[in-house]
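This report refers to the structure that appears directly beneath it.
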Number of protein chains: 2
Amino acid sequence: MDPNCTCEKCELKSLFFQSVSEEELFNVCNNKKENEHKKGDLIIAEGSVIKDFIYLKSGLVKLYKTTRDHEQILKFAGPFDFVSILNIFSHNKHQYSVMALEDSVTCHVDFAEVRNMVLENGVFAHGLLQKMGQVSDSIIQESLQIRRHNLKGRVAIVLLYFANRVYEKDEFELPLSRKEIAEYIGKTTENVIRALSDFRKSNIIKIFGKVIEIIDKERLERLSKFG
Amino acid sequence: MDPNCTCEKCELKSLFFQSVSEEELFNVCNNKKENEHKKGDLIIAEGSVIKDFIYLKSGLVKLYKTTRDHEQILKFAGPFDFVSILNIFSHNKHQYSVMALEDSVTCHVDFAEVRNMVLENGVFAHGLLQKMGQVSDSIIQESLQIRRHNLKGRVAIVLLYFANRVYEKDEFELPLSRKEIAEYIGKTTENVIRALSDFRKSNIIKIFGKVIEIIDKERLERLSKFG
DNA sequence: ATCATGGTATGATATTTATCATAACACTTG
DNA sequence: CAAGTGTTATGATAAATATCATACCATGAT
């Protein structure tokens, strides 16, 4: 093995390359590129041509679409639910932008190579179909969930998402501005701030700037279900 | 060829079986089942086990999810944008229900057979990846589009969808109740009715029960963009 | 240091939408 | 036929949310 090739040790190898032969992996590995992104960097620009199969090795990103007057955030994603797969076989341009919410590392494999692997390796293709189903379903289900809740319920869902799914702690630094929360849940920035203030006044959370501490998780969970 | 096998003539053959060999097609064709559904029939029940790869040959359906107290409609779909693909590789149970909005015919192929074709036929697998990307993207984009409009804008979007995409006529019979429009756009039934009445009073549409005639399409289009 | 800028925060008000009530009508069922 | 049920429709009112205004604070640029 080439000493430059570290894919063997990649935590995500099993995600996409489980079924790939030594020879194929070697090939992918030597032609891949890894990019580092600082918090706030644009990783993928909506409308740009898709050249690579891109996946997230580490970090946290937001997926969003820019419209006339504002942005709509589709999904927050970490390494194990990364998302560029959705468009890659059906569009030649990226339909969404991706921005780093925390320092992130992406891995880029030439798309032609991935397509060849799909054409030649059925197990690999099947794995991609599975992953794609999971990703699209998570976006759709989350969107439906948010849509059936009011302002406070939606904000509660976001806080619990970061506490339970991303940081696995009840005190964490929000990697988002209030505006970005608003862009995700489809409400105004002011009302997101009001909801957070309301939670603070009701002793459900404490707020120190971007740091949130969840004090009464039960109540927050009730809000996320019935609010 | 078996005289019972009419897949050769199926209008949708190219959609899913473009790349499939004579032998494979023959096999699929003889093991397929076709089902007819009357308007209002449940075709797929959310939560039921996925056994078949199901696609729509003709008709019109709604895809929806049942929650605590009401239903949320995800998508209306005809033969060329059918949707059961989304879950089939990633879940063992259907995540959404499908109901016929008009008399419909579905074609059922055993899932194991489809999986085998994915594993053995890269071109077929690639075609499914493309189709799946299109379907998931259409759901996501439509959902975002609706979310950034107000009540009237949303209703206008629905009317134009049926006029332009489904019936290709400016006078058509809505295959939906007002309640179902509400479940799709995420507003109350009363307000959907009010929006329609409002369009009628403004001479944008005429209403004869379920039959809608669009009189001022330009104004409706403006509403669907800026409302 | 000063200035502009963006994020956070709060209040007052306007607008939008939901809820509740009622009624007419069509449709099914006993 | 009558009774019940669901759909369409409209009005009155309540609740949720958006909009506009203002302020404070931190940050980076000049």
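We use all heavy atoms of the structure for the numbers below, so side chains are in, but hydrogens, waters and symmetry mates are not. Reminder, nothing fancy here: chain letters follow the sequence lines and each chain counts from 1.
- Note: NE2 (H70(B)) to P (dA18(C)) measures 10 Å, nearest angstrom.
- Note: CZ (R147(A)) to P (dA18(C)) measures 12 Å, nearest angstrom.
- Atom CD1 of I146(A) is separated from atom C1' of dT17(D) by 17 Å (rounded to the nearest Å).
- Within the 4.0 angstrom heavy-atom criterion, no nucleotide atom of any strand lies near R154(B).
- For the pair N191(A) and dA18(D), the criterion of a side-chain N or O lying under 4.0 Å from OP1 or OP2 is met.
- In this structure, H149(B) atom NE2 and dT17(C) atom P are separated by 12 Å, rounded to whole Å.
- Between K187(A) atom NZ and dA18(D) atom C1' the separation is 10 Å, expressed in whole Å.
- Here the nucleotide nearest the side chain of L151(B), chosen from dT10(C), dT7(D), dT17(C), is dT17(C).
- Rounded to an integer number of Å, the gap from CG of D198(A) to P of dG11(C) is 12 Å.
- Side-chain atoms of K210(B) lie closest to dT8(D) of the nucleotides dT8(D), dG11(C), dG7(C).
- When the nearest nucleotides of DNA chain D are assigned to N150(A) and E190(A) by heavy-atom distance, the more 5′-ward of the two goes with N150(A).
- Contact annotation: side chain of R200(B) to base of dT8(D), donor-acceptor pair absent below 3.5 Å.
- Under a cut-off of 6.0 angstrom, the local environment of NZ in K75(A) is crowded, with over 12 non-hydrogen atoms contributed by other residues, nucleotides or ligands.
- Nearest to the side-chain atoms of T188(B) among the listed nucleotides dT8(D), dT19(C), dT10(D) stands dT19(C).
- Within residues 169-178 of chain A, the residues approaching DNA chain C are S177(A), R178(A), by heavy-atom distance under 4.0 Å.
- A salt bridge does not link K65(A) with E71(A): none of the charged nitrogens is closer than 4.0 Å to a carboxylate oxygen.
- Atoms CD1 (I193(A)) and P (dA23(D)) sit 17 Å apart, rounded to a whole Å.
- Here K152(B) lies out of heavy-atom contact (under 4.0 Å) with every strand.
- One finds a side-chain N or O of S197(A) lying less than 4.0 angstrom from the OP1 or OP2 phosphate oxygen of dT10(C).
- When all heavy atoms of K13(A) and C7(A) are compared, the pair lying nearest together is CD-O, 3.7 Å.
- Whole-Å rounding puts the F208(A) CZ to dC25(D) P distance at 19 Å.
- When all heavy atoms of H94(A) and N87(A) are compared, the closest pair comes out as C-OD1, 4.4 Å.
- Relative to the ring axis of Y64(B), K62(B) places its NZ or CZ within 45° and under 6.0 Å from the centre.
- The aromatic rings of F76(B) and Y184(B) are tilted relative to each other, their planes meeting at an angle between 30° and 60°.
- Between the side chains of H108(A) and N35(A), at least one donor-acceptor pair of N or O atoms lies under 3.5 Å.
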